[in-house]
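The structure is given below, and queries will be raised subsequently.
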Amino acid sequence: MTVERAEREGAIMSRLATDGELTVSLLAAELGVSEVTIRGDLRGLEQQGMLVRTRGGARPTTIKHILQRQGVNTDAKERIAAAAASLVGDDDTIMIEAGTTTALIVRHLAGRRGVQIVTNSTLVFNNARLNPALIIILTGGVFRRDTESLVGPLAERAIADFNTRIAFLGTDGFSPERGLTTRFVEGGQVATVMRDRAEQTWLVADSSKFGQAGFVSFLPLDGITGIITDSGLPPEAAEELQEHTQLRVV
């Protein structure tokens with residue numbers, strides 16, 4: 001059965017995240033379209049910066065698109081997201097920043113009622129919209145495809161209008177020395193505004209992010225309530241982090 005182009009592109013990005021490199025012939029067979037169609041899809045995705053075409057196929061870009069990163073460390077991310085969701089009660093107010101782990105939190109809010117969510121993430125929106133018990137407030141802003149997020153002054157002004165109990169943030173890397181870091185200035189600015197408008201701020205990040213450093217440092221560890229991460233974190237790293245903030249390991 002032939003699928004529409006948007007669906008094919010999503011399927012291609014998901015397979016790239018899993019396999020790392022794909023051939024045109026394999027994609028054509030799996031998606032039920034011609035190799036000419038697949039080459040056109042790959043050309044369009046390359047123009048968006050989402051992949052690099054190779055002889056006979058495609059591979060991920062050096063900086064992975066968020067849809068590629070969704071398939072990495074999935075078990076740990078689900079445990080972290082579930083632990084984050086356990087902090088949320090009925091009629092709660094929360095902010096959720098863009099990220100692969102943060103986007104999973106709303107999937108674990110089944111059974112909650114009246115939770116109001118402010119987010120700049122289209123992935124969070126896509127997951128939350130399926131639950132009629134959740135109230136979703138999506139910020140405006142400039143759409144950034146590689147992070148599936150809304151950023152810039154419009155997003156920051158929208159966030160600044162709200163006061164919530166908890167903000168959940170993502171990161172490209174964290175450490176005691178550099179704090180929370182990200183590849184993009186705009187993402188760090190959005191996260192900082194969320195922290196300022198929430199009573200508590202929790203970083204949700206799998207242990208592979210520890211010791212990594214993005215281009216921009218945007219918050220120190222002692223500027224957030226705590227970190228929720230997985231058991232892959234080395235014991236010495238856990239001790240070091242606990243000198244600066246709360247730590248929940250799942």
Side-chain angles (χ1 to χ4, degrees), residues 6 9-10 13 17 44-51 60-70 77 81 84 93-106 115-129 134-174 178-205 209 212-221 223-225 227:
E9 290 182 345
M13 296 307 298
L45 288 168
E46 184 179 50
Q47 290 171 351
Q48 297 175 51
M50 296 172 71
L51 54 75
T61 57
T62 302
I63 298 177
K64 292 185 178 180
H65 185 277
I66 193 170
L67 297 180
Q68 295 171 268
R69 301 198 304 272
Q70 277 184 311
K77 289 177 179 179
T93 55
I94 64 175
M95 291 185 181
I96 306 180
E97 194 231 342
T100 55
T101 308
T102 54
L104 298 174
I105 294 172
V106 292
V115 178
Q116 299 187 78
I117 302 168
V118 178
T119 186
N120 72 319
S121 168
T122 58
L123 294 183
V124 170
F125 174 74
N126 284 338
N127 289 336
R129 66 194 293 269
L134 302 177
I135 301 164
I136 315 160
I137 300 162
L138 189 63
T139 72
V142 178
F143 178 60
R144 187 156 202 144
R145 287 178 177 81
D146 42 10
T147 55
E148 290 289 322
S149 64
L150 297 164
V151 296
L154 285 175
E156 294 166 33
R157 286 199 295 269
I159 293 165
D161 284 339
F162 296 94
N163 303 293
T164 65
R165 193 175 70 85
I166 304 178
F168 294 109
L169 307 182
T171 186
D172 290 321
F174 65 99
R178 295 183 174 87
L180 280 60
T181 69
T182 182
R183 288 173 293 148
F184 304 114
V185 173
E186 304 100 315
Q189 291 170 331
V190 165
T192 299
V193 177
M194 285 189 173
R195 189 282 305 267
D196 292 343
R197 307 306 298 182
E199 296 174 17
Q200 300 179 27
T201 300
W202 288 87
L203 170 66
V204 291
K209 303 288 184 65
Q212 302 297 314
F215 179 59
V216 181
S217 292
F218 60 94
L219 282 174
L221 292 185
I224 61 175
T225 306
I227 301 169

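Remember, it's a predicted structure, so these values are computed and weren't measured experimentally.
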With sequence neighbours left out, the residues meeting side-chain contact (heavy atoms from CB on, under 4.5 Å) with T192 are R195, D196, F218, L219

Expected output: side-chain T139 to main-chain I159 donor-acceptor under 3.5 Å:
no

Closest non-hydrogen contact found for G140 with L150 is O-CB, 3.5 Å

One should read off an interatomic distance between L45 CG and M13 CE, to the nearest 0.5 angstrom, of 6.0 Å

One should read off an interatomic distance between L180 CG and I227 CD1, to the nearest 0.5 angstrom, of 7.0 Å

Sequence neighbours excluded, the answer for side chain to side chain donor-acceptor pair (under 3.5 Å) partners of Q189 is none

Has F215 got more than 12 heavy atoms of other residues, nucleotides or ligands less than 6.0 Å from its CZ? no

Exercise for review: Give a yes or no on whether the backbone of G152 and the side-chain of E186 come within a donor-acceptor separation of less than 3.5 Å.
Suggested key: no

T181 and V216, any side-chain heavy atoms less than 4.5 Å apart: no

Rounded to the nearest 0.5 angstrom, the NZ-OG1 distance for K77 and T101 is 5.0 Å

Residues passing the side chain to side chain donor-acceptor pair (under 3.5 Å) test with T171, sequence neighbours excluded, are none

For residues 161-170, the side chain to side chain donor-acceptor pair (under 3.5 Å) pairs (sequence neighbours left out) are D92-R165, N163-R197

Does S121 use its side chain to pair, donor to acceptor, with the backbone of A98 at less than 3.5 Å?
no

Rounded to the nearest 0.5 Å, the CZ atom of F168 sits from the CD1 atom of I117 at a distance of 10.0 Å

In this structure, CG of L138 is separated from OG1 of T119 (nearest 0.5 Å) by 6.5 Å

With sequence neighbours left out, the residues meeting side-chain contact (heavy atoms from CB on, under 4.5 Å) with A81 are L104, I105, H108

When every non-hydrogen atom of S217 is compared with those of R178, the smallest separation belongs to OG-O, 3.1 Å

So CZ of R144 and CZ of F184: to nearest 0.5 Å the spacing works out to 4.0 Å

When T122, N126, V124, N120 are each screened for side-chain contact (heavy atoms from CB on, under 4.5 Å) with E148, the one that passes is T122

Between V190 and A155 the two heavy atoms that sit nearest each other are CG2-CB, 4.4 Å

Apply the test side chain to side chain donor-acceptor pair (under 3.5 Å) to residues D172 and T182: give CA-CA distance (whole Å), side-chain angles for both, the deciding distance (0.1 Å), then the verdict. CA-CA 5 Å; D172 290 321; T182 182; 3.3 Å; yes

Sequence neighbours excluded, the answer for side chain to side chain donor-acceptor pair (under 3.5 Å) partners of S149 is T147

Correct closest heavy-atom pair for I166 and A198 would be C-CB, 3.9 Å

